[in-house]
Amino acid sequence: QVLLVESGGGLVQAGGSLSLSCEVSGGTFRDFVMGWFRQAPGKEREFVRAISRSGFSTYVADSVKGRFTISRDNAKNTVNLQMNSLKPEDTAVYYCAASTAVGTSYDRSFLYAYWGQGTQVTVSS
């Protein structure tokens with residue numbers, strides 16, 4: 001059974017930074033493309049960032065381009081999301097997800113078979 005556990009959420013003022021981490025167990029981490037999604041109250045879940053199995057390629061949503069960075073450590077089975085210059089509209093529950101799909105842009109939630117329970121990020125104005 002593949003298990004994803006996020007950590008690092010919290011409350012931050014606009015303009016501040018937060019770092020999220022996701023630890024994966026129960027599977028072969030390097031077999032997964034890893035992604036981060038978020039869901040704000042009353043809105044659909046949306047793609048944030050993804051990273052390829054090797055870490056060489058990354059994918060980014062326009063809304064966070066230049067502010068959020070994704071990285072992975074295949075030795076520690078972790079993926080991280082560094083969020084800088086946070087805005088109130090970044091407030092959401094952030095989810096880590098793992099995909100075994102091949103040859104796609106990885107920005108669609110249906111491509112991801114495994115999900116964490118989410119961590120709350122709140123950005124105050």
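Only heavy atoms go into these numbers, but all of them, side chains included; no hydrogens, no water, no symmetry mates. Positions are given from 1 along the sequence.
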Tell me whether D90 is salt-bridged to K87, with the criterion being a basic N under 4.0 Å from an acidic carboxylate O. no

N/O donor-acceptor pair under 3.5 Å between R72 side chain and G55 backbone: no

Distance from R38 atom CZ to E89 atom CD, nearest 0.5 Å? 8.0 Å

Starting from L18, can I reach V60 by hopping between I/L/V/M/F/W/Y residues whose side chains sit under 4.5 Å apart? yes

Verify the neighbour count for atom CD of Q120: are there more than 12 heavy atoms of other residues, nucleotides or ligands below 6.0 Å? yes

Side chain proximity check, S99 to F32, heavy atoms < 4.5 angstrom: no

Min side-chain heavy-atom separation S109-Q39 under 4.5 Å: no

Scan residues 100-125 for pairs that pass salt bridge (charged side-chain N to carboxylate O under 4.0 Å, His left out), counting only residues two or more places apart or in two chains. none

Heavy-atom nearest pair, V123 first then T91, reads N-OG1, 2.9 Å

Heavy-atom closest pair (Y95 atom, G116 atom, distance to 0.1 Å) is CD2-O, 3.6 Å

Start with the C-alpha distance between Y94 and E6, add both sets of side-chain angles, then the distance that settles side chain to side chain contact (heavy atoms under 4.5 Å, CB included), and finish with yes or no. CA-CA 8 Å; Y94 283 71; E6 303 99 337; over 6 Å; no

N/O donor-acceptor pairs under 3.5 Å from side chains in residues 76-83, not counting sequence neighbours:
{"from": "N80", "atom 1": "OD1", "to": "S21", "atom 2": "OG", "distance (Å)": "3.0"}
{"from": "Q82", "atom 1": "NE2", "to": "N84", "atom 2": "OD1", "distance (Å)": "2.9"}

Within residues 48-90 or reaching into it, pairs that qualify as ring pair (Phe, Tyr, Trp, His ring centres under 6.0 Å) - sequence neighbours excluded: Y59-Y106

Closest approach of S125 to A14 (non-hydrogen atoms, all atoms of both residues): CA-CB, 4.3 Å

How close do R53 and V102 get, heavy atom to heavy atom, and via which atoms? NH2-CG2, 4.1 Å

Membership question, hydrophobic clusters at under 4.5 Å side-chain separation (ILVMFWY): are L20 and F47 in the same one? no

For A50 and Y112, the nearest pair of non-hydrogen atoms, with its separation, is CB-OH, 3.5 Å

Report yes or no: do V93 and I70 belong to one cluster of Ile/Leu/Val/Met/Phe/Trp/Tyr joined by side chain heavy-atom distances under 4.5 Å? no

Indicate if L111 and W115 have the same hydrophobic cluster label, given that clusters are the connected sets of ILVMFWY residues with side-chain heavy-atom separations under 4.5 angstrom. yes

In one Ile/Leu/Val/Met/Phe/Trp/Tyr side-chain cluster, 4.5 Å: V33, F29: no

Go through it in stages, so that I can follow the logic: the residues are M34 and V24, the test is side chain to side chain contact (heavy atoms under 4.5 Å, CB included), and I'd like the CA-CA distance, side-chain angles, deciding distance and then a yes or no. CA-CA 10 Å; M34 298 300 301; V24 180; 3.8 Å; yes

